Amino acid sequence: MQKKHLIYKIYPTSSIKRINAKINSLGPNFKYSITSLLTERLILSITIFIILFIFADYGYLLAPIITFLFYLGSEKLILDYNIKKRIKILEHDAIFFFEVLGLTLESGRNLKNALEITVANVDNELSLEFQKMLEEIKLGRSFKESLELMKERIPSDVINSIILSLIESSMYGGSIIESLNNQLDYLRDKKILEVKAEITKLPTKISIISVIFFIPIMFLVILSPVIITFFTR
């Protein structure tokens, strides 16, 4: 029914698949579907073009340029930017989630049972993804298929690498604990590097704030006697 929508006739299949993959990467709480997002973007693009073409000076030049920039920029702002934010959230959640999973596996539980216990005791966004995966198993999907579908919803390469290890462990029965610990070490190191990168940016940010706010105030304080003398003549 959805594929009868006008959007599927306007956009090429490759574009719809690419954007739909990005929407799936943003999780169940993302408010747009593929049809609503592309329809709104198309309507807004046409509206911007018409308004600029009719009312702006040199509208015949500005309208196509600004409409094109909006058309491209809207995808980066709505999808790409939010995907980057979600990657950070998921990778932050992954450290605690997989630590608990590792401890549960070390207690002698099988993988499926360990995931159920971990999901029941961890409350974060990554845990919700695994909960959805476990619900799909109850509806009849295989463990491997549910993990592969989950992998498509996760935009983080690191977490997808762990999911791939879970799939291999479920298929071949090998121990996943060592691989899990190695991936956790990588996530921790990555987190530390991100914090260090933020710290190194602080002097630049402080300098910009100083230029914008403090230096004008200092000049005002220094020049205030001259200003007062000028206005009291």
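No experiment lies behind these values; they were computed from the predicted model shown.
Judged by distance alone, the side chain of N181 and the main-chain N or O of I177 form a donor-acceptor pair under 3.5 Å. Side chain of S146 to backbone of S142: a donor-acceptor contact under 3.5 angstrom is found. Listed for the N24 side chain is no donor-acceptor partner under 3.5 Å among the backbone atoms of E152. The closest donor-acceptor contact from the side chain of S127 to the backbone of N124 lies at 3.5 Å or more, if one exists at all. In this structure, the side chain of R41 engages the main chain of Y71 through a donor-acceptor pair within 3.5 Å. Listed for the T118 side chain is a donor-acceptor partner under 3.5 Å among the backbone atoms of A114. Formation of a donor-acceptor pair under 3.5 Å by the S161 side chain with backbone atoms of D157 is not found in this model. At distances below 3.5 Å, not a single donor-acceptor pair connects side-chain atoms of R153 with backbone N or O atoms of G27. Using a distance-only test at 3.5 Å, with no hydrogens or angles considered, no donor-acceptor pair links the side chain of S25 to the main chain of P155.
The pair K144-E148 counts as a salt bridge, with a side-chain nitrogen and a carboxylate oxygen less than 4.0 angstrom apart. Salt bridge present: E75 and R18 bring a charged side-chain N and a carboxylate O closer than 4.0 Å. Ion pairing between K88 and E125 fails under the 4.0 Å rule for side-chain N and carboxylate O.
Considering all non-hydrogen atoms of both residues, S179 and S165 come closest at OG-OG, 3.3 Å. The two residues E91 and I159 come nearest to each other via the heavy atoms N-CD1, 3.9 Å. What you find for A94 and L126 is that their closest heavy atoms are CA-CD2, 3.5 Å.
Under the rule for a side chain to side chain contact (heavy atoms under 4.5 Å, CB included), the partners of N110 that lie at least two apart in sequence or sit in another chain are K112, N113. Scored by the ring pair (Phe, Tyr, Trp, His ring centres under 6.0 Å) test, F96 finds no partners at all (sequence neighbours excluded).
Within 6.0 Å of the CZ atom in R109, the count of heavy atoms belonging to other residues, nucleotides or ligands does not exceed 12. Taking a 6.0 Å sphere around CD of E194, one finds it holds more than 12 heavy atoms contributed by other residues, nucleotides or ligands. Heavy atoms from other residues, nucleotides or ligands lying under 6.0 Å from CG of D57 number 12 at most.
Screening residues 43-70 for ring-ring contact (aromatic ring centres under 6.0 Å, His included), with sequence neighbours left out, gives F49-F53.
Checking T39 against S36 by side-chain atom types alone, no donor-acceptor pair falls below 3.5 Å.
Of the options L149, L166, L115, a side chain to side chain contact (heavy atoms under 4.5 Å, CB included) to M133 is made by L115 and by none of the others.
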